[in-house]
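Both backbone and side-chain heavy atoms feed into the values below; hydrogens, waters and symmetry mates do not. Predicted, not measured: the structure shown is a model, and the values here were computed from it.
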Amino acid sequence: MANSPSGDSMLDRLVRILDAFDAQNPTLTVNALARRADVPRATTYRLLENLVSHGLLARDSDGQVRLGLRLWELANRSASTLNLRQAALPFMEDINQLVGQNTQLAVLHEDDVLVIERLSRPGSVVNQANVAGRMPVHLTSMGMALLAYSPANVLEGYLERHGDTMHGQHPRLRHELAEIRRTGYATFDGFIDTDTTGAAVPILDDRGHALAVLAVVVPLGSDLLPAAVMALQTAARGISRALVPVQEA
């Protein structure tokens, strides 16, 4: 794909346009989109027409632009995500019924926690996790469980890039990760929402590395936590068993 006069390829620009949308900016004006994507406005208008015609972006009646449904359709064809969600959902529904609080499934992706699925119930506590949303590793029980059970090269690479950022919340980081591996779960009190506690358990492959993480968010100080952790551990083992034939196929 040909490069623009500035040196970036047209594909680079297309990706930046799609990546300009996030949870805080689900819709954008064309001017805001061009600015956030760092693409000239005339080029943004031209690319926008192509993206809309293919369903990758959509234009509202007021001229605002948002991600199109075809992106959701394409993302849900991903074999790894589809298999993981299909295996996890029955267990997530059981936990959601038992605990009566938010239950979520996530993976480690590009140094962030990427939420794959979330089940909520009326009266659940505040929860910042959204499906397809990203969360910081060092502020979530999900991220710490994923990190603790990552392969050594993934863990060391992450710490090399982000160790300084994590030190404020985790001055004894390696000790924390070792404790998570010893107990088999991670819990955090109120790092993102001060009135909640998160608990997360890794879903392991046959080498003992985290494929994903299963988590709940409960009220701070809730007596639900011990039962929730036990339910998560049982569910995580069941999901792992369900995924083994997929991994070996």
Side-chain angles (χ1 to χ4, degrees), residues 23-24 84-85 87-109 112-150 165-204 210-243:
Q24 289 71 45
L84 177 59
R85 291 180 66 252
L89 268 172
F91 294 95
M92 293 180 68
E93 289 166 355
D94 287 346
I95 293 172
N96 196 238
Q97 288 280 348
L98 173 68
V99 180
Q101 295 289 339
N102 300 293
T103 308
Q104 47 218 30
L105 178 71
V107 296
L108 188 64
H109 181 64
D112 291 314
V113 176
L114 177 63
V115 180
I116 301 299
E117 186 59 89
R118 168 183 160 177
L119 301 181
S120 298
R121 294 177 66 84
S124 297
V125 293
V126 173
N127 180 18
Q128 301 298 326
N130 293 300
V131 174
R134 294 172 180 255
M135 304 190 76
V137 167
H138 66 293
L139 296 182
T140 62
S141 59
M142 294 185 294
M144 291 294 283
L146 286 165
L147 203 59
Y149 283 88
S150 289
T165 301
M166 299 186 75
H167 184 74
Q169 281 82 19
H170 307 280
R172 301 180 66 206
L173 176 61
R174 291 187 184 275
H175 174 78
E176 284 188 57
L177 296 176
E179 185 64 12
I180 292 168
R181 289 190 292 269
R182 185 186 71 80
T183 62
Y185 65 92
T187 60
F188 271 5
D189 290 342
F191 269 21
I192 293 180
D193 294 304
T194 57
D195 295 328
T196 68
T197 294
V201 170
I203 299 167
L204 302 178
L211 292 166
V213 69
L214 193 61
V216 296
V217 179
V218 301
L220 184 66
S222 171
D223 56 8
L224 290 170
L225 194 59
V229 169
M230 290 182 62
L232 288 171
Q233 291 176 322
T234 300
R237 288 192 292 269
I239 298 167
S240 293
R241 287 193 295 269
L243 289 171

State the NE2-CG distance between His175 and Leu173, to the nearest 0.5 angstrom.
-> 11.0 Å
Minimum side-chain heavy-atom gap Ile239-Leu211 below 4.5 Å | no
Nearest non-hydrogen partners of Ser141 and Ala199, listed with the distance | OG-N, 3.5 Å
Are the side chain of Asn102 and the backbone N or O of Val125 linked by a donor-acceptor pair below 3.5 Å?
-> yes
Where do Gly100 and Arg121 come nearest, in terms of heavy atoms and distance?
-> CA-CD, 3.5 Å
All heavy atoms of Ile95 vs all of Ala235, minimum pair found to be CD1-CB, 3.6 Å
Show the numbers, then the answer: is there a side-chain contact (heavy atoms from CB on, under 4.5 Å) between Gln97 and Glu93?
-> CA-CA 6 Å; Gln97 288 280 348; Glu93 289 166 355; 5.6 Å; no
Counting N and O atoms only, with roles assigned by atom type, does the side chain of Arg118 sit under 3.5 Å from a partner on the main chain of Val131, one being a donor and the other an acceptor?
-> no
Ser240 side-chain N/O to Leu204 backbone N/O, donor-acceptor pair under 3.5 Å | yes
Are the side chain of His138 and the backbone of His170 linked by a donor-acceptor contact shorter than 3.5 Å?
-> no
Drop me the distance from Leu232's CG to Leu225's CG, to the nearest 0.5 angstrom.
-> 9.0 Å
If you round to the nearest 0.5 Å, how far is CG of Leu147 from CZ of Arg181?
-> 9.0 Å
Qualifying residues under side-chain contact (heavy atoms from CB on, under 4.5 Å), relative to Leu224, sequence neighbours excluded | Val99, Gln101, Ser222
Contact check, side chains of Met144 and Met166, non-hydrogen atoms, under 4.5 Å = yes
Shortest non-hydrogen pair, Leu108 vs Leu146, comes out as N-CD1, 3.6 Å
How many angstroms lie between CG in Leu105 and CG in Leu119, if you round to the nearest 0.5 Å?
-> 9.5 Å
Is there side-chain contact between Leu84 and Val107, with heavy atoms separated by less than 4.5 Å?
-> yes
Please say which of Thr140, Asn96, Asn127 ends up in a side chain to side chain donor-acceptor pair (under 3.5 Å) with Gln104.
-> Asn127
Provide the closest heavy-atom pair for Tyr185 versus Val201 in the form atom of the first, atom of the second, distance.
-> CB-CG2, 3.7 Å
Would you indicate whether Tyr149, at its atom OH, is surrounded by more than 12 heavy atoms from other residues, nucleotides or ligands within a distance under 6.0 Å?
-> yes
Hey, are the side chains of Leu220 and Thr197 touching, using non-hydrogen atoms and a 4.5 Å cut-off?
-> yes
On a heavy-atom basis, the closest approach of Val213 and Ala145 is CG2-CB, 3.9 Å
